[in-house]
Amino acid sequence: MKFDTPATTNPIDQLKVIGKPTDRIDGPHKTTGTARYAYEHHEEVPNAVYGHVIGAAIAKGRIASIDLSAAKAAPGVLGIVTAENAGKLGKGEFNTAKLLGGPAIDHYHQAIALVVAQTFEQAVAAAQLVRVKYERSEGKFDLAAVKDTGVKPKPGLGGASDTAVGDFAGAFAAAPMQFDATYTTPDQSHAMIEPHASIAKWEGDKLTVWTSNQMIAWSVGDLAKTLGIPKENVRLISPYIGGGFGGKLFLRADALLAALGARAVRRPVKVALHRPLVTNNTTHRPATIQRIRFGATKDGKLTAIGHESWSGDLPEGAPETAVGQTRLLYAGANRMTAMRLAVLDLPEGNAMRAPGEAPGLMALEIAMDEMAEKLGLDPIKFRILNDTQVDPEKPERPFSQRNLTECLRTGAEKFGWKQRNPKPAQTRDGRWMIGTGVAAAFRNSLSMKSAARVRLDNRGMVTVETDMTDIGTGSYTIIAQTAAEMMGVPLAQVVVKLGDSQFPVSCGSGGQWGAHNSTGGVFAACTKLREAVAKKLGLDAKTAVFADGHVSAGGRSVPLGQAAGPAGLVAEDAIEYGDLDKKSQLSTFGAHFVEVGVNAATGETRIRRMLAVCAAGRILNPKSARSQVIGAMTMGAGAALMEELAVDKRAGFFVNHDLAGYEVPVHADIPHQEVIFLDETDPMSSPMKAKGVGELGICGVAAAVANAIYHATGARVRDYPITLDKLLGHLPPVA
Amino acid sequence: MKPFTYEKPRTPAEAAAATARHPGAKFIAGGTNLLDLMKLEIEAPGHLIDVNGLGFDQIEATPEGGLGIGALVRNTDLAADERVRRDYAVLSRALLAGASGQLRNAATTAGNLLQRTRCPYFYDTNQPCNKRQPGTGCGAIGGVNRQHAILGSSTACIATHPSDMAVAMRVLDATIQTVRADGATRRIPIADFYRLPGDTPNVENTLQPGELITHVTLPKPVGGAHVYYKVRDRSSYAFALVSVAAIVQRDGTGRVALGGVAHMPWRIEAAEAELPQGAKAVATKLLAGAKPTEHNAFKVPLVERTLAAALLEAKG
Amino acid sequence: MKNLHEPDQMRGDFELTRREFIVAGTAAVALTALPGVGRAQPAATTSQSALPLTKVSFNVNGKLRELELDSRTTLLDALREHLHLTGTKKGCDHGQCGACTVHIGERRMNSCLTLAVMQQGASVTTIEGLGTPENLHPMQAAFVKHDGYQCGYCTSGQICSAVAMLREIKAGIPCHVTSDLTARPQLTAAEIRERMSGNLCRCGAYANIVDAITEVGGKSA
Ligand SMILES: Cc1cc2nc3c(=O)[nH]c(=O)nc-3n(C[C@H](O)[C@H](O)[C@H](O)COP(=O)(O)OP(=O)(O)OC[C@H]3O[C@@H](n4cnc5c(N)ncnc54)[C@H](O)[C@@H]3O)c2cc1C
Ligand code: SF4
Ligand code: FES
Ligand code: FES
């Protein structure tokens, strides 16, 4: 199905199932421990042996020698895979560094060997007996130090490296009100609770891998490419994923090494990255240095907007596209954005929840707060004053829909913004200094091709198959809701099968594109199935009504099961997009409101209230969508207050590489959170009229926290995370 | 993990005999620190002596009017004990500020005292660390050292002792009771229990190999207001950046000890004389000779401010 | 004390690696610790039978289970890899996430930080022992109702933790935010949040989890 004209009324608009806050259909499995994750397929693979990954002990250099003899002789050891004995390996399209290093080492904890043994305990112990001698070479590990060596990166998902409209320099120089500040955001870790894990099994030259992966088709391709075998010979199965956040978008060492290990020992092999390895072995969100300049009239109209961002990555890597939102968020006739990418020999940087926008808004939305204060304007008023309904870089492109102003107004009302004293450091609650902050949320909504297959059997059961994944996003449930709505059956009549490369290729889970595209694909397949049903019964597909398990037209009503007959009916289709997303800009919007207390003695910040208002098209399931948003707000709170991969700038690695060292929010950090979805539908986005929401929720949160801290204390911190050491010098004396 | 043999003796005598038979053996109690380290082969005992069958799991009044706490009393039970909550509240508070509910259910009194540092270089066996592997250097000096010590550190090691409970024990003047492999018992005042790193940061306390902790005794209650003030980046389930254990009497006199600043709970009795003068005076004495690192200079003002907050809280 | 990270020593060969230290330092220990196992066995002849296995039996979800295990096996791996009770999750294997929380007796514990052999004779309850998809435990049902999970990987641990945590409040065990140590703790949101902080949820379902626990706790109080 080609989606190239705006959606008109369709069966989804009935909203009998779609749009309801339905409990997740996978809930009873997830809450009873019966949902099977990557490492847990004992039934399918009863005889797997255990692989343990060894990570490089240096950040850059080469392996001078590797002595496996002691490890090979250790009890239970079946084989050891290294680059030396693994045969020729390619490199995946989506990988920057090789997944199996050696002799050259590209980053710390890059996998250099897999030790396979009968038991987990034996594999882990034997891995310690592998003797490696390294030759270390100089590396670059300090972004601030290499920033100025940054070059223009190749255009990628985040667009061109530079954009310019009008005369930024002239307008900035001429502006009566100017603002110029630099912000930093640190390296961050996905820190999903399920580590990367895979079980690999060969049958002849056919490989099956049970894994934990957000993008099945990408990773089938990259695994085949890396192994040098045809794609058709690779099957990936990933029905449940214990969190990804971008960290499992790609083929990683666990899957490759499980495959290599299984080939070497001729037995199925299971591999989970041990936690201390995950951080440096896999990808992370790269640190940024961002400079933001505004020029404005005295009454607060932005006339010049400049945003530059520097980040680093391994050679041939990509930048953190932190200026993306600035190209679209606020009006202003003269503007420039630029990204520069320097070479860093730290582990590979890559996507983490809302890549680009998340760190970009961490800076931009503090800058907006600072500028509003400079102008003597309320920060909400200032944002509304500079709203735009068209792409500011290409004014001929309108937004398909843009309710940012409405989000800000609704939130202000709900949060009690009116009562706020605009002056900072005025409110106390015992030893707590209280402040509130706001930030705009913005994230693009991407259109991605997505396919599905739908079966109808003679009992009237509808089965959906697609390689879409559910990473906690609720895909199972919204796909079931879509099929139920389209086929006119209750939710209980729908079975959803996901995450298997034998199913049609979906959009996968990433970039908050999952929900609207994957359900769009199901919509397309169901539309075909409706046609097939109608055709089989000789009914007019256009006027046929699918409801209550029946199809009815022209006075006839037939149970769906009967229509399917003993052989059943199958339909497969994909949603494909025209140029609607070129003609108009598809984005999602929101506003975050946060209240913090800062301990006047110690500078500890504790969040007291959080509210998000989101405008993201039709909300397919308000319950799971709300969960996506509160989860993202939680991650945003972490980004604001605690999350930072600490770089050892001499040895070149992230030092705090476990879940005790890299602190993410715990229960006690997160207060009650409120989420409001504006009631909207976006006919330009897809037949579902929905857009993404899972990443919108993190965008702007950290800045709202930062602004609240400023409001509480009068201390403006521009370097994340805002830990107490950065506030101590600004706090009042302790009585 | 290195392979090991395992036994679970029933009596202290059996345990003592076991240590004599297996030099390099380790006791295991809750296992929450030892197993953590064994998995990384930072600890690699060839023999494990499970002390969970030895009893030592009661909290009993002592003839002196204090409390005798069995080495195997779980952190949860110690914190919840009515007498501890009433008379030694600083200990309850310190325990409850540490780790998580699950971990406190497993962790024991002795194990908590003997837990090792959380220095990330100590935990990463690719990195130099004099504590883990004497003579290799210290990764934290000149590296990432925001959590590290500002007091009593050496050029060999700047690690902190991570226990919250130990800070309260220090301020309460606890005594550690042990039995050695030869059956001899001794009582070690906590002031003499921990060592500064010096040139041998691998030696953390004055226990001898095979020496088993049986009890920790508290002297009779000293009254006063008890406060344990722990400062950390997240609200819970995190080690202290700085902590203050304080017992303050109505007349303003009292005791304080610091956590998160040194290789041991940090208490300087002489500083306590300044308590009536307020936090600044005490902090000045406590922090005399402080040597912050590149990333932890903030601990100096933080100690003073936290101390002030703790004293305020003690006033009620 | 030499410091390997002094700039002049950073260049050149970095030879002293972890693996060298360990081989040099503790190889002898490994030998003495493995009675009957020769050091230089060729890989082909090594097998599981070369291991000194320890017999251990404990009760899991009401059933007596007898296992022969490598003494290094944690309770978590015994459950997941030997008994195939994969509902209990391994998030970190180091006590840092709570995903492996089970009940030992009445108490919640991190099953990754205890050895199976140490649990001889114990009664262990895992998520599978609380309820089934067809017959959910009230806490499981409340998690479904309140959407107290997303990816589901921390969920078993959260639920096991929550069930035992309510017992702890009932038993009067205080926590860090209990304001009066001498009074009985109450079931407040702040108490729940503090007590549940040993269970990380990176998906950030915290607010919903607290709603679920509050509902169940309120009913049973
Ligand atoms: C993620 C995480 C967070 C934590 N957070 C905190 C925190 O915030 N604050 C805090 O204070 N602690 C914290 N801890 C540490 C925790 O308190 C300790 O792990 C625990 O107290 C150790 O007790 P155990 O009984 O489990 O010791 P074990 O691990 O059994 O033993 C520890 C050491 O003590 C020795 N030992 C045990 N019993 C005896 C005995 N009777 N005689 C002689 N030697 C003995 C053992 O041989 C071993 O060397 C945390 C731990 C983890 C994993
Ligand atoms: S501070 Fe101590 S524990 Fe940490 S690396 Fe240095 S020597 Fe090791
Ligand atoms: S797996 Fe046990 S606490 Fe993380
Ligand atoms: S539901 Fe994913 S970590 Fe909690």
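In the text below, chain A, chain B and the rest are named by the order of the sequence lines, each starting its count at 1.
For A:Ile193, the parts lying near chain C are the backbone and the side chain together; criterion is any non-hydrogen pair under 4.5 Å. With a threshold of 4.5 angstrom between heavy atoms, A:Ser624 approaches chain C through its backbone and through its side chain. In this structure, the portions of A:Ile670 lying under 4.5 Å from any heavy atom of chain C include both its backbone and its side chain. When heavy atoms are compared at a cutoff of 4.5 Å, A:Pro671 approaches chain C solely by way of its backbone atoms N, CA, C and O. Heavy atoms closer than 4.5 Å to chain C are found nowhere in A:Thr22, neither backbone nor side chain. Residue C:Leu200 touches chain A through both its backbone and its side chain, counting heavy-atom pairs closer than 4.5 Å. For A:Gln628, the parts lying near chain C are the backbone and the side chain together; criterion is any non-hydrogen pair under 4.5 Å. Using a 4.5 Å cut-off between heavy atoms, A:Ala191 contacts chain C through both its backbone and its side chain. Residue C:Thr73 touches chain A through both its backbone and its side chain, counting heavy-atom pairs closer than 4.5 Å. For C:Glu134, no part lies near chain A; criterion is any non-hydrogen pair under 4.5 Å. When heavy atoms are compared at a cutoff of 4.5 Å, A:Tyr476 does not approach chain C at all. C:His94 touches chain A through its side chain: at least one heavy atom from C-beta onward sits under 4.5 Å away, while N, CA, C and O do not. Residue contact with chain C, scored on non-hydrogen atoms closer than 4.5 Å, is absent for A:Asp470. Residue A:His274 does not touch chain C at all, counting heavy-atom pairs closer than 4.5 Å.
Among A:Gly243, A:Ala35, A:Pro665, A:Ala272, the residue with the largest count of heavy-atom pairs under 4.5 Å with chain C is A:Pro665. With chain C as the partner, the residue from A:Glu43, A:His190, A:Met192 showing the most heavy-atom pairs under 4.5 Å is A:His190. Chain C forms the most heavy-atom pairs under 4.5 Å with one residue out of A:Gly661, A:Ala64, A:Gly33, and that residue is A:Gly33. Heavy-atom pairs under 4.5 Å with chain A peak, among C:Arg195, C:Gln158, C:Gln140, at C:Gln140.
Cation-pi geometry between C:Lys90 and A:Phe120 is met: the NZ or CZ atom falls under 6.0 Å from the ring centre, inside 45° of the normal.
The shortest distance between side-chain heavy atoms of C:Asp93 and A:Arg275 does not fall below 4.5 Å.
Ring planes of A:His667 and C:Tyr206: tilted class, angle from 30 to 60°.
Across all their heavy atoms, C:Gln150 and A:Lys30 have their closest contact at O-NZ, 2.7 Å.
Residues A:Ser627 and C:Asn208 have side chains that bring a donor and an acceptor to within less than 3.5 angstrom of each other.
Remark: C:Gln186 pairs with no residue by the side chain to side chain donor-acceptor pair (under 3.5 Å) rule, at least two apart or across chains.
Within residues 108-117 of chain C, no residue has any heavy atom under 4.5 Å from a heavy atom of chain A.
With rounding to the nearest 0.5 angstrom, the NZ atom of C:Lys145 is 14.5 Å from the OG1 atom of A:Thr31. Atom CD1 in A:Ile630 sits 8.0 Å away from atom CG in C:Asp147 (nearest 0.5 Å). Annotation: the span from C:Glu81 atom CD to A:Tyr50 atom OH amounts to 3.5 Å, rounded to 0.5 Å. Taken to the nearest 0.5 Å, the CZ atom of C:Arg202 stands 4.0 Å off from the CE atom of A:Met635.
The pair C:Glu194-A:Arg606 fails the salt-bridge criterion, with no side-chain N (NZ, NE, NH1 or NH2) lying under 4.0 Å from an Asp/Glu carboxylate O.
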